[in-house]
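Working notes for the structure below.
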Amino acid sequence: QVQLVESGGGLVQAGGSLRLSCAASGRTFSTYGMAWFRQAPGKEREFVATISGGGELALYEDYVKGRFTISRDNAKNTVDLQMNSLKPEDTADYYCAADAEGIVYSDLYSGASGYDYWGRGTQVTVSS
């Protein structure tokens with residue numbers, strides 16, 4: 001069983017920045033595709049970004065493209081999400097997810113059902 005723990009959430013003003021981090025257990029982190037999803041109150045969980053095991057491929061939801069950057073450090077078993085130019089509509093719980101089958105290379109990469117392991121989430125609140 002893979003355990004994922006998110007950190008770095010908090011309260012920021014619009015236009016500010018936050019850096020989220022996800023720490024993973026296990027010996028095979030470099031083989032996992034990793035992703036960030038978010039869920040606002042009363043809304044469906046939505047895809048934010050994903051990155052392949054070796055970091056060679058990263059994909060983003062259009063709304064955050066150019067503002068958010070996903071990265072990973074396989075030596076530390078971590079994946080980060082740098083969020084710049086934050087907007088109130090970015091307010092949500094942010095979740096880290098892992099996939100062991102290379103879903104980032106398929107058309108299903110943006111679907112929550114395609115990921116095998118999930119963290120508990122970290123809250124991000126952006127005030128106007």
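Index from 1, following the sequence.
Under the 4.5 Å side-chain contact rule for hydrophobic residues, Tyr117 and Val79 share a cluster. A continuous path of hydrophobic side-chain contacts links Tyr105 to Phe47 [ILVMFWY only; heavy atoms under 4.5 Å]. Under a hydrophobic clustering in which Ile, Leu, Val, Met, Phe, Trp and Tyr are joined whenever their side-chain heavy atoms come within less than 4.5 Å, directly or via other members, Leu4 and Val124 fall into the same cluster. When hydrophobic clusters are built by joining Ile, Leu, Val, Met, Phe, Trp and Tyr residues whose side-chain heavy atoms come closer than 4.5 Å, directly or via intermediates, Leu57 is not grouped with Trp36. The cluster map of Ile, Leu, Val, Met, Phe, Trp and Tyr, joined by side-chain heavy atoms under 4.5 Å apart, puts Ile51 and Ile103 in different clusters.
Checked against ring-ring contact (aromatic ring centres under 6.0 Å, His included), Phe68 has no partners two or more places apart in sequence or in another chain. Taking Thr125 as the reference, Leu11, Thr91 meet the side chain to side chain contact (heavy atoms under 4.5 Å, CB included) condition, with sequence neighbours excluded. Arg67 pairs by the side chain to side chain contact (heavy atoms under 4.5 Å, CB included) definition with Tyr63, Val64, Ser85, Lys87, Asp90, not counting sequence neighbours. Applying the side chain to side chain contact (heavy atoms under 4.5 Å, CB included) rule to Thr31 yields the partners Thr28; only residues at least two apart in sequence or on another chain are considered. Among residues two or more places apart in sequence or in another chain, the side chain to side chain contact (heavy atoms under 4.5 Å, CB included) test is passed with Glu101 by Asp99, Asp116.
Open room surrounds CD on Gln123; 12 or fewer heavy atoms of other groups in view lie less than 6.0 Å from it.
Inter-residue side-chain proximity for Tyr109 and Leu59 is flagged as met; some heavy-atom pair is nearer than 4.5 Å. Counting heavy atoms from C-beta outward, Gln13 and Val126 have side chains that stay 4.5 Å or more apart. For the pair Glu61/Ser110, no side-chain contact is recorded, criterion being any heavy-atom separation below 4.5 Å from C-beta on. In this structure, the side chains of Met34 and Phe29 come closer than 4.5 Å at one or more pairs of heavy atoms. In this structure, the side chains of Arg38 and Asp93 stay at 4.5 Å or more apart for every pair of heavy atoms.
Considering OH of Tyr60 and CG of Leu81, their distance stands at 7.5 Å, rounded to 0.5 Å. For the atom pair CD (Glu44) and CD (Gln39), the distance works out to 7.0 Å, reported to the nearest 0.5 Å. The CE atom of Met83 sits 4.5 Å away from the CG atom of Leu18 when rounded to the nearest 0.5 Å.
Residue pairs satisfying the side chain to side chain donor-acceptor pair (under 3.5 Å) criterion with at least one member in residues 70-81, sequence neighbours excluded, are listed as follows: Arg19-Asp80, Ser21-Asp80, Arg72-Asn74.
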**Asked** Should Trp118 and Cys96 be marked as a side chain to side chain contact (heavy atoms under 4.5 Å, CB included) after you check the CA-CA gap, both sets of side-chain angles, and the distance that decides it?
**Response** CA-CA 6 Å; Trp118 293 84; Cys96 177; over 6 Å; no

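For Tyr115 and Phe37, the gap between ring centers is short of 6.0 Å.
With Thr122 contributing its side chain and Ser7 its backbone, the two residues share no donor-acceptor pair below 3.5 Å. Using a distance-only test at 3.5 Å, with no hydrogens or angles considered, no donor-acceptor pair links the side chain of Gln82 to the main chain of Ile70.
A cation-pi arrangement is found for Arg45 relative to Tyr95, the charged atom lying closer than 6.0 Å to the ring centre and inside a 45° cone about the ring normal.
Between Ala14 and Ser128, the shortest heavy-atom distance links the atoms CB-CA, 4.3 Å.
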